[in-house]
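Predicted model, so just to flag it, every value in this text is computed and none were measured. Reminder, nothing fancy here: chain letters follow the sequence lines and each chain counts from 1.
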2 protein chains.
Amino acid sequence: MYRITQLARLFGLSRSTLLYYDRIGLLQPSGRSEAGYRCYSTADKERLATICSYRQAGLGIEAIRRLLATAEAGSELVIRQRLEAIGCEIRNLQAQQQLLAGMLNLQAGGELAIAIDKQTWIDMLRAAGMDEAAMQQWHVEFERRAPQAHHAFLLSLGIDEQEALLIRDLSAGQWAN
Amino acid sequence: MYRITQLARLFGLSRSTLLYYDRIGLLQPSGRSEAGYRCYSTADKERLATICSYRQAGLGIEAIRRLLATAEAGSELVIRQRLEAIGCEIRNLQAQQQLLAGMLNLQAGGELAIAIDKQTWIDMLRAAGMDEAAMQQWHVEFERRAPQAHHAFLLSLGIDEQEALLIRDLSAGQWAN
DNA sequence: GCTAAACTGTGAAGCTGTAGACGGGTCAAG
DNA sequence: CTTGACCCGTCTACAGCTTCACAGTTTAGC
C-alpha cells in the first residue's frame, strides 16, 4: 500500500498529477484509510507504471484511457498512429529548423543556401568517394531500415513525390531479390 | 483594408486567433469602422506575416512580442535558442519512437519505420561501402557547401549541439588546411 | 424594402496536463 | 504536548488558443 506522495515520487510525478488522474478517473486508488487518505495497491502501482510509459511515449490521456480499457486489444493501432504522428512532428520541427536557419542567414548577410538539393547531395557523396553502385546500395539500405525516413529525406532534397516513390521502388526491388 | 475574417483566412488562421492577438496586444488593428469593426491595414498584414512565420518556427508569443518590439536587434539569440530547443525536442521525439517501437516489438515482433539515428546512418553509409576517411571527406564537403544544413542534419540524427559543433569544427578545419 | 445569411462585436468559460499554494486535518516520535 | 512530516480538498496559473452565447451590422438576392 502506498500513500499518494510516496507513489508520486516513485514515478517522478507530483502529488497534483495523481490527484488529477484520480479526479478524471484514470487512476483511482483501490481504497481509502479511515482518515480518507488514498491507499494505492500494488495493482494500482502497476497501472501507473503502464500509464507513465504511455505518457512518456507522448500519448494523450484519452488514448491511454482507451488503451487500458480495451485491455491490450487493438492497442497496436493506437501505437502506430502515435508513431506516425511523431514522424510528422519531427518533420515539422525540421521544417522549423530550416526556417530559423534561413532567418539567421538573412540577418548575417547570408553566407549560403541552407537547403541542399539533389545535385548538391550527389556531389557531396561523390566527393566522398561514392560511385553509382555505392549510392544504389545506400538507397537500398535506407529503404530497408527506415522507409518512412527515406521518403522524407528524398522529399527534403526537393525530389517530388513521384520520383521519390520511383527511387524507393527500385531500392526495395533490389532488396527483395 | 481588411476585415478580421478576411485577414485570418489570408493566413490560414481563425477569427478567434486574431481576436486573441488583439486582446493580448500582439496585433492590434490600426483602425475601426463606424460600426466598430476592426480594420487591418497593409502594415498590419505585414506584421501578421512576420508573426506567422515566427509562430511557424515554433516561437512563443512572448518571444515574438519581444522580437517585434526590439525591431530586429538581438533577435539572433532568440533564434539560436529556439534552434537549440528544437534539437532537444527532436531528440525527445526520437526517444519516444524508440519506446513505442519497443512496445510494438514486444507485441508483434514487427519491423518499423522510424527516424534514423546516428548509428543507423553510419551503418547505412558503411553498408554502401564508405569507410572512415570517406565519411570524414563527406563531412568536409557538407560543411563547405552548406554549413547550416550540415548542422541541422547532425541535429536531426539526434546528435547534440555540442557534438555537432565539434564535428563541424573538425570538418571545417580539414577544409581550411 | 425585406429577409436571410454571413458577418461583426464583447465577454466568459473551457481545453490539456501539470505545478504549486492555501488552510487545515492526521500521525508518529520525542 | 509539541514538532515536523505527512495528508486532505480546493483554487489558481500556465499557452494558445477555441467555443459559446447573445447582440448588432452588412450584404446578397428577391
Look at the side chain of [X] and decide which nucleotide, out of [options], has an atom nearest to it.
X       : options               : result
B/Ile61 : D/dC17, D/dG9, C/dT18 : D/dC17
B/Tyr37 : C/dG9, D/dC17, C/dG25 : C/dG9
A/Tyr20 : C/dT18, D/dC7, D/dT18 : C/dT18

Given [N], is OP1 or OP2 found less than 4.0 Å from the side-chain N or O atoms of [X]?
X       : N      : result
A/Arg32 : D/dC8  : no
A/Tyr21 : C/dT18 : yes
A/Ser14 : C/dT18 : no
B/Arg38 : D/dT25 : no
B/Arg9  : C/dA6  : no

Could you tell me the separation between the [atom1] atom of [X] and the [atom2] atom of [N], rounded to a whole number of Å?
X       : N      : atom1 : atom2 : value
A/Leu18 : C/dG20 : CG    : P     : 14 Å
B/Glu62 : D/dG16 : CD    : P     : 8 Å
A/Tyr40 : D/dC6  : OH    : P     : 17 Å
A/Ile51 : C/dT18 : CD1   : C1'   : 15 Å
A/Leu13 : C/dG17 : CG    : C1'   : 11 Å
B/Ile24 : D/dA15 : CD1   : C1'   : 10 Å
B/Gln6  : D/dT27 : CD    : P     : 11 Å
A/Leu19 : D/dC8  : CG    : C1'   : 9 Å

How do B/Ala35 and A/Thr17 order along DNA chain C: which one's closest nucleotide is nearer the 5' end?
B/Ala35
Which is more 5' along DNA chain C, the nucleotide nearest B/Arg23 or the one nearest A/Ser16? Just name the residue.
B/Arg23
Taking [X] for the side chain and [Y] for the main chain, is one N or O donor matched with an acceptor at less than 3.5 Å?
X       : Y       : answer
A/Arg47 : A/Leu26 : yes
B/Arg91 : B/Gly87 : yes
A/Thr17 : A/Leu13 : no
B/Arg55 : B/Leu59 : yes

Using side-chain heavy atoms (C-beta onward) and a distance below 4.5 Å, is A/Phe11 in contact with A/Leu18?
no
For A/Arg3, is there an ion pair with A/Asp44 - N to carboxylate O distance below 4.0 angstrom?
no
Which comes earlier along DNA chain D counting from the 5' end, the contact point of B/Glu34 or that of B/Arg55, where each point is its nearest nucleotide?
B/Arg55
So what does [X] touch, heavy atoms closer than 4.0 Å: a base, only the sugar-phosphate, or nothing?
X       : result
A/Arg15 : base
B/Arg3  : sugar-phosphate
B/Ser33 : nothing

